[in-house]
Amino acid sequence: MKVLVPVKRVIDFNVKVRVKADQTGVDLANVKMSMNPFDEIAVEEAVRLREQGALTEVVAVSIGPAQAQDTIRTALAMGADRGLLIQTDQDLEPLAVAKLLKAVVEAEGPKLVLMGKQAIDGDNNAVGQMLAALLDWPQATFASKVELDGEKSAKVVREVDGGLQTLEVDLPAVITADLRLNEPRYASLPNIMKAKKKPIDVKPAADYGLDLAPRLKVVKVSEPPKRGGGIKVESAADLVMKLKNEAGVL
Amino acid sequence: MAVLVLADHDNAHLRDTTAKTVTAALALSPDVDVLVLGQGAQAVAGAAAKIAGVRKVLLAESAELKAMLAEAVTTVVVPLMAGYDALLTPATSVGKNVAPRIAAKLDTSQLSDVIEVIDGSTFVRPIYAGNALETVSSSEPKKVITVRPTAFKPAAEGGSAGVETIAAPAVQAHARFVSETVTASDRPELGAARIVVSGGRALGSAEEFKAVLEPLADRLGAAIGASRAAVDAGYAPNDYQVGQTGKVVAPDLYIAVGISGAIQHLAGMKDSKVIVAINKDADAPIFQIADYGLVADYKTAVPELMAALG
Ligand SMILES: Cc1cc2nc3c(=O)[nH]c(=O)nc-3n(C[C@H](O)[C@H](O)[C@H](O)COP(=O)(O)OP(=O)(O)OC[C@H]3O[C@@H](n4cnc5c(N)ncnc54)[C@H](O)[C@@H]3O)c2cc1C
Ligand SMILES: Nc1ncnc2c1ncn2[C@@H]1O[C@H](COP(=O)(O)O)[C@@H](O)[C@H]1O
């Protein structure tokens, strides 16, 4: 049984994001890029399931510029078997990403798509749900635990606003990873070397013949309002006095 | 133009996130209907009908809708959208789960986590953990939008809309509800509380997290939140997580205890009215956004705070 893991190349989560002066976007020049953290969690889960024998092949797919090959290499170094880059320099919207992933699913025939719940650049939290809709597959989003019952179904614990919800979904299905699903491994040096020999297919996005044109127009990207600087208080008593008399919140 | 709002509720009570989403909807159109999906949710529908500005309430009930399974919700909403130009849901775990599925079925793009409606086609939303605000315009004939509830005031009460029951079509169930673990608490809900007390990695254990934060929260009538580090370490349940990828809160008062102030945490609380930070490291980034900073060990500072509150 094959699993597909979509991985996105995004700004590293530790980088301080700066908005460009001309308000056309954020400054990505000479900025460290990494695999979206939620996708690392998805790769880790897929590799563990293969190590346990529940899956046979882990295919990592990324949609993005040529440099997204590095992101795929990271997935391969973590244990994915092979990669696919759908190359485009366009910044695609979630619906377009989902349409491309649907085409990949149809070509590859995985029984499971394991992916991140959210890309930390656009913060859309949409592609997994959209892909499930386009495929007419069930979805289990925000997963903190995944148990496969052969090729039949998956029991998934989901992180929801009130606590935890457990669902059973028939396979094939789309599962999106939340933070508590696992702690991704660091790729070892030998595995990084081995990953260099694993195959990555590259296909131009245009070859899929899909309508990927943007539906939304970015008018501007601006800085959020800054909070005025605060003060340090001397003691807890001083704090309570100020909260009562100055801030008026107690 | 007519707008459909998906209600947020627990089958017994309507959450104020619904009235806040109605406010966003009314900025788009005067014709706003509310859809209540659930089971045994008549009282919820009644409460939705009382929101000022609501034209009509639609109610559909079934077991799958009680669990708000994405497939079931989509099956009800997609055909209804023939009569609407936009669907708005609060950006709750349910809204985030179902809205993109509905959008894809309608072949429309989604606008996630909208914080401002500029006009009928232009919206503002945070990106990069709130480090940038994106103004986007959408010419989609049908819009699907999740709304960040903390960015909108709740619509007033005083409406008297009618409630219309609609059928919940049967779905071929490829997803089944198994169970649910709800974090039990008498405290206010995190997203709706006037005061939030949050704890971080500094608390060191689940026992200490409880022993230090619960009395303070109870004294203040506050909800309890946590950083990701505290949740990952098992000091607090997952639904306490505040941040970019957890809950977004904007209470009158947010007290961060032993939290460093990573951007991912700030993304979930920096719109609070007043922020207090208690941290023993004077250089902790949380102090850059705190209105009142107390450089101290929480072990002495929190008991002193309790004493000062009387
Ligand atoms: C994809 C992704 C998503 C994330 N999403 C979120 C999110 O939604 N929410 C979130 O919170 N984080 C999130 N994070 C994690 C975030 O980057 C930080 O790691 C996390 O917020 C740190 O938690 P903390 O402040 O409790 O711990 P630390 O950073 O370890 O800070 C602990 C603080 O406690 C102070 N301290 C220690 N002892 C004491 C004492 N005795 N008295 C007083 N102070 C003391 C220290 O000075 C320190 O400042 C995310 C990270 C990633 C990669
Ligand atoms: N360009 C992309 N290439 C591969 N996977 C992607 C891409 N964009 C989004 N994804 C996947 O979709 C998930 C959710 O992204 P989003 O809906 O954009 O927040 C991510 O965690 C990835 O797994």
Side-chain angles (χ1 to χ4, degrees), chain A residues 11 13 17 19 26 93-95 98 117-118 120-126 129-130 132-134 137-142 144 155 159-170 179-180 215-224 227 230-233 235-237 239-240 242-243 247 249-250, chain B residues 67 70-71 74 92-93 96-97 100-101 103-105 109-110 112-113 122 126-138 140 174-183 228 231-232 237-239 244-245 247 252-253 264 270 273-274 276 289-295 301 304-305 308-309:
Chain A
I11 194 166
F13 81 96
V17 171
V19 173
V26 306
E93 290 169 9
L95 186 59
K117 79 163 179 179
Q118 177 173 340
I120 60 160
D121 48 3
D123 282 334
N124 281 297
N125 193 334
Q129 299 87 316
M130 288 180 159
L134 297 178
W137 287 8
Q139 68 191 50
T141 51
F142 325 147
S144 65
K155 201 190 250 187
E159 295 201 354
V160 295
D161 285 348
L164 296 168
Q165 183 192 55
T166 305
L167 291 185
E168 189 180 62
V169 290
D170 292 337
L179 294 169
R180 257 70 60 180
R215 311 280 194 92
L216 305 173
K217 192 169 145 268
V218 177
V219 180
K220 65 170 181 182
V221 173
S222 54
E223 293 252 9
R227 282 189 81 94
I231 57 160
K232 295 260 166 67
V233 294
S235 66
L239 174 63
V240 170
K242 290 202 160 69
L243 289 177
V249 288
L250 284 186
Chain B
E71 294 76 358
T74 304
T92 55
S93 56
K96 291 177 193 170
N97 185 39
R101 189 172 180 108
K105 287 282 184 201
S109 46
Q110 166 170 294
S112 300
D113 236 349
T122 316
I127 52 175
Y128 293 92
N131 285 305
L133 299 179
E134 183 183 55
T135 304
V136 270
S137 76
S138 161
E140 297 278 18
H174 284 298
R176 291 166 295 278
F177 172 80
V178 176
S179 64
E180 191 171 42
T181 320
V182 178
T183 308
R228 173 194 174 178
V231 176
D232 281 4
N238 63 279
D239 50 302
Q244 176 189 17
T245 61
K247 285 191 179 136
D252 286 351
L253 175 59
Q264 292 84 7
K270 69 177 173 170
K273 200 166 132 209
V274 175
V276 169
I289 62 141
D291 299 284
Y292 300 105
L294 180 57
V295 182
E304 281 167 20
L305 185 57
L309 286 165

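Sequence lines set the chain letters: A, B, ... in the order given, protein chains first and strands last, and positions in each chain run from 1. Keep in mind the model is a prediction, meaning the values are calculated, not measured.
Under the side chain to side chain contact (heavy atoms under 4.5 Å, CB included) criterion, Val295(B) pairs with Lys232(A), Ala282(B), Phe287(B), sequence neighbours left out. With sequence neighbours excluded, the residues that form a salt bridge (Lys or Arg N to Asp or Glu O under 4.0 Å) with Asp113(B) are Arg148(B).
Residue Ser144(A) does not touch chain B at all, counting heavy-atom pairs closer than 4.5 Å. In this structure, the portion of Leu239(A) lying under 4.5 Å from any heavy atom of chain B is its side chain and not its backbone. Heavy-atom distances place no part of Ala98(A) under 4.5 Å from chain B, backbone and side chain included. For Gln118(A), the part lying near chain B is the side chain, with the backbone staying farther off; criterion is any non-hydrogen pair under 4.5 Å. Heavy-atom distances place the side chain of Val19(A), and not its backbone, under 4.5 Å from chain B. No part of Pro94(A) comes within reach of chain B, as not one of its non-hydrogen atoms sits under 4.5 angstrom from that chain. Proximity to chain B (any heavy atom under 4.5 Å) is restricted, for Val26(A), to the side chain, taken from C-beta onward.
Among Ala67(B), Ala104(B), Ser137(B), Ser138(B), the residue with the largest count of heavy-atom pairs under 4.5 Å with chain A is Ser137(B). Options Leu164(A), Val160(A), Val169(A), Leu250(A) differ in how many heavy-atom pairs under 4.5 Å they form with chain B, and the most are formed by Leu164(A). If you tally non-hydrogen atom pairs under 4.5 Å between each of Ser112(B), Pro100(B), Ala308(B) and chain A, the highest count goes to Pro100(B).
At least one side-chain heavy atom of Gln165(A) sits under 4.5 Å from a side-chain heavy atom of Phe177(B).
Counted by atom type alone, Arg228(B) and Gln264(B) present zero donor-acceptor pairs between their side chains at under 3.5 Å. Looking only at atom types and distance, the side chain of Gln244(B) has a donor-acceptor partner in the side chain of Asp123(A) under 3.5 Å away.
Checked for salt-bridge contact, Glu93(A) and Arg215(A) miss the test: no charged N lies under 4.0 Å from a carboxylate O. Arg227(A) has a carboxylate O that lies under 4.0 Å from a charged side-chain N of Asp291(B), or vice versa, which qualifies the two as a salt bridge.
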